[in-house]
Participant: 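Below is the structure I would like to discuss, written out as structure tokens.
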Amino acid sequence: MMRTFRGGLLIGLAVAVLVAVLAIIYEFYDTRTLKRTVRRGEVLCGVNKGLPGFSIPDDKGNWTGFDVDFCRAVAAAIFNDPGKAKFVPLDANERFKELQSRKVDILSRNTTWSMARELDYDLYFPAVAYYDGVGFMVPRARNKETSLDLTDSKVCVQSGTTTTLNVADYFRVNNMKYEEVKFDKLDDVVKAYDTGKCDTLSADVSQLYALRLNLSKPGDHMILPDMISKEPLAPVVRQRDDDWMMIVKWTLYAMINAEELGVTSENIDEALKSKKPEVMRLVGTEGRYGEQLGLTKDWAARIIRHVGNYGEMYDRNIGEKSKLKIPRGMNQLWNAGGVQYAPPMR
């Protein structure tokens with residue numbers, strides 16, 4: 001009897017261990033991020049540790065910014081609750097590894113879409129959220145007018161970014177000499193520039209607008225008008241997870257289409273009554289687009305109600321209603337002189 005009991009106990013323990021191991025393996029290899037996100041009850045978003053206008057926490061841990069709002073839009077589409085977005089601050093050097101290891105579900109972190117990043121890190125950039133380019137900030141006292149005036153400059157950059165490569169290419173192509181001053185952490189880059197260890201700061205132009213606010217005397221510095229590269233900034237997800245990629249992609253496209261159609265957070269209730277076919281498809285009163293994504297029919301209406309359309313997200317965080325006041329420029333809609341363009345929902 002005792003042997004039978006012990007045998008059964010050992011078998012039970014073996015089964016329990018096997019189940020636990022299988023659960024761990026399933027969790028590690030399961031690429032169905034949407035299912036795991038719903039089961040967890042929140043979207044884990046990798047963001048910049050502190051970039052005004054894009055992602056920054058206040059002293060109570062409340063996050064705001066363009067990239068933050070996009071994550072909230074994804075959470076609104078899934079849960080009808082933008083508060084279901086949880087923010088994980090990541091350095092530039094660790095962001096891709098943390099996404100690969102599933103510490104986060106999505107990067108919404110001023111990240112440039114490039115071929116090498118998709119191939120080397122096994123990642124996917126669903127759509128461009130912000131069209132940008134590398135530029136330069138200098139003290140006004142240097143009296144520089146364009147980037148071509150920067151020969152023999154000491155340029156501060158952050159390692160692990162495309163900026164270092166673009167700056168090197170630019171100075172080489174134009175036969176200009178410069179000294180690179182490189183730091184791993186963005187805070188160290190800004191501190192070095194602010195204390196005069198370098199006389200030029202290079203980053204994406206949108207980032208320069210944000211970083212200037214952190215300088216001891218912001219008004220003493222100017223951002224040169226040139227962009228020396230293409231920097232399409234996009235959310236990032238893991239490859240071989242098409243369902244999740246489609247949700248992230250069409251969250252952005254829904255916001256862009258909403259702006260084009262004039263649907264805002266203020267008039268969403270009116271839009272739900274609209275008889276215009278394009279508006280009806282957007283808000284879910286016609287078609288099964290949300291259900292095809294694994295969401296509800298009103299998934300896009302949820303986004304607009306809680307977060308707004310693309311223009312609202314832009315203006316309050318980095319545009320005219322913000323401290324940065326970055327001109328829309330290329331990020332205007334295609335029918336307003338920019339290049340922001342979303343495929344139709346039909």
Side-chain angles (χ1 to χ4, degrees), residues 25 27-34 36-37 43-51 54-55 66-67 70-71 74 87-135 155-173 180-189 202-208 227-253 339:
I25 293 174
E27 184 69 20
F28 184 79
Y29 288 104
D30 176 23
T31 58
R32 289 170 291 182
T33 303
L34 177 59
R36 297 209 324 270
T37 298
V43 181
L44 302 181
C45 302
V47 294
N48 197 301
K49 288 192 171 183
L51 186 63
F54 288 86
S55 59
F66 182 90
D67 293 335
F70 180 72
C71 277
V74 174
F87 303 103
V88 181
L90 299 174
D91 282 329
N93 295 321
E94 64 180 345
R95 54 185 160 173
F96 299 126
K97 292 180 181 178
E98 297 293 11
L99 178 59
Q100 286 176 316
S101 66
R102 293 180 172 81
K103 182 176 180 179
V104 296
D105 302 314
I106 177 177
L107 284 183
S108 186
R109 192 201 173 284
N110 59 297
T111 300
T112 299
W113 182 354
S114 72
M115 180 178 181
R117 284 177 168 174
E118 284 199 323
L119 298 178
D120 293 347
Y121 295 102
D122 213 20
L123 301 173
Y124 192 83
F125 294 70
V128 178
Y130 187 93
Y131 290 93
D132 209 347
V134 166
V155 184
C156 274
V157 294
Q158 184 181 15
S159 58
T161 65
T162 56
T163 301
T164 58
L165 303 176
N166 288 316
V167 169
D169 286 348
Y170 181 77
F171 278 85
R172 183 175 61 183
V173 165
E180 181 184 72
V181 183
K182 187 163 57 176
F183 299 89
D184 289 338
K185 295 185 179 298
L186 185 59
D187 287 346
D188 294 334
V189 177
S202 185
D204 294 346
V205 170
S206 63
Q207 193 171 29
L208 292 176
M227 281 189 183
I228 67 169
S229 70
K230 294 185 296 184
E231 304 294 329
L233 307 183
V236 195
V237 297
R238 292 177 290 274
Q239 288 187 12
R240 292 180 293 279
D241 199 352
D242 291 350
D243 291 346
W244 183 246
M245 179 271 292
M246 291 291 283
I247 288 173
V248 173
K249 174 193 290 188
W250 281 99
T251 291
L252 178 60
Y253 285 159
V339 298

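This is a predicted model, so every value here is computed, not measured. Only this structure's heavy atoms are used, side chains among them; waters, hydrogens and symmetry mates stay out.
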Participant: Quick one: pull up CD in E98 and CG in L107 and give me the separation to the nearest 0.5 Å.
Facilitator: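 Between E98 CD and L107 CG, I get 9.5 Å after rounding to 0.5 Å.
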Participant: Say whether, by atom type as modelled, one donor and one acceptor occur between the side chain of S55 and the main chain of N48 under 3.5 angstrom.
Facilitator: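 Yes, the answer is positive, given that a donor and an acceptor are paired below the 3.5 Å cut-off.
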Participant: Can a donor-acceptor pair be found, under 3.5 Å and without considering hydrogens, that links the side chain of Q239 to the backbone of E118?
Facilitator: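 Yes: the side chain of Q239 pairs with the backbone of E118.
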Participant: Can you name the closest pair of heavy atoms from T164 and S159 and give their distance?
Facilitator: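 Distance-wise, the nearest heavy atoms are CG2-CA, 4.3 Å.
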Participant: Looking only at heavy atoms, which two atoms of V155 and S202 are closest? And how far apart?
Facilitator: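 Heavy-atom minimum between the residues: CG1-CB, 3.8 Å.
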Participant: Answer yes or no: is there a donor N or O on one side and an acceptor on the other, between the side chain of S229 and the main chain of V134, under 3.5 Å?
Facilitator: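 At least one qualifying donor-acceptor pair exists.
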Participant: Between Y130 and F66, what is the ring plane arrangement, given parallel below 30°, perpendicular above 60°, and tilted in between?
Facilitator: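 Ring orientation of Y130 relative to F66: perpendicular.
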Participant: To the nearest 0.5 Å, what is the distance between OG1 (T161) and CG (D204)?
Facilitator: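 It comes to 8.0 Å.
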Participant: Any idea which heavy atoms bring L252 and A127 closest together, and the distance?
Facilitator: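 Taking every non-hydrogen atom into account, CD2-CB, 3.7 Å.
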Participant: Looking only at heavy atoms, what is the nearest atom pair of F125 and T112, with distance?
Facilitator: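 Closest approach of F125 to T112, heavy atoms only: CE2-O, 3.5 Å.
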Participant: Compare all side-chain heavy atoms of V88 with those of K103 and state whether any distance is below 4.5 angstrom.
Facilitator: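 The answer is yes, as the side chains (C-beta and beyond) meet within the 4.5 Å cut-off.
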Participant: Going from CZ on R240 to CG on L123, what distance comes out if it is rounded to the nearest 0.5 angstrom?
Facilitator: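 If we round to the nearest 0.5 Å, R240:CZ and L123:CG are 10.0 Å apart.
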Participant: Using 0.5 Å steps for rounding, measure from the NZ atom of K97 to the CG atom of L90.
Facilitator: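 CG of L90 is found 12.5 Å from NZ of K97.
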Participant: Please check if the side chain of R109 supplies one atom and the backbone of R95 the other of a donor-acceptor pair under 3.5 Å.
Facilitator: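 Not a single qualifying donor-acceptor pair exists.
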Participant: When you look at NZ of K49, are more than 12 heavy atoms from neighbouring residues, nucleotides or ligands closer to it than 6.0 Å?
Facilitator: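 Yes, the 6.0 Å shell around NZ holds more than 12 heavy atoms from other groups.
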Participant: Within the distance-only criterion (no hydrogens, no angle test), does the side chain of D184 pair as donor or acceptor with the backbone N or O of N93 below 3.5 angstrom?
Facilitator: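 Looks like no, no N/O pair under 3.5 Å.
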Participant: Looking at every heavy atom in both L99 and V104, which two are closest together, and how far apart are they?
Facilitator: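 Where L99 meets V104 most closely, the heavy atoms are CD1-O, 3.6 Å.
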Participant: Would you say W244's side chain and D105's backbone share a donor-acceptor pair under 3.5 angstrom?
Facilitator: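 Present.
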Participant: Tell me yes or no: between the side chains of T162 and E231, is some donor less than 3.5 Å from an acceptor?
Facilitator: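 Checked: T162/E231 side chains pair up, N/O donor to acceptor below 3.5 Å.
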Participant: Would one find more than 12 heavy atoms of other residues, nucleotides or ligands at under 6.0 Å from atom CZ of F183?
Facilitator: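 Yes, CZ of F183 has more than 12 neighbouring heavy atoms, counting only those of other groups under 6.0 Å.
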Participant: Do side-chain atoms of D132 reach the backbone of S206 as a donor and acceptor pair under 3.5 angstrom?
Facilitator: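 Yes.
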Participant: Working to the nearest 0.5 Å, report the span between CG of D243 and OG1 of T33.
Facilitator: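 Result: 9.5 Å between the selected atoms.
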Participant: A side-chain contact here means heavy atoms from C-beta on lying under 4.5 Å apart; do F54 and V47 qualify?
Facilitator: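 No, their side chains stay 4.5 Å or more apart.
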Participant: How long is the gap from OG1 on T111 to CG on D67, to the nearest 0.5 Å?
Facilitator: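 If I round to the nearest 0.5 Å, the distance is 8.0 Å.
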Participant: Looking at L233, L51, T163, which hits side-chain contact (heavy atoms from CB on, under 4.5 Å) with Q207?
Facilitator: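 Checked L233, L51, T163 against Q207; only one passes side-chain contact (heavy atoms from CB on, under 4.5 Å): L51.
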Participant: Taking all heavy atoms of Q158 and all of K182, pick out the closest pair and write down the distance.
Facilitator: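 Here Q158 and K182 meet closest at C-CG, 4.4 Å.
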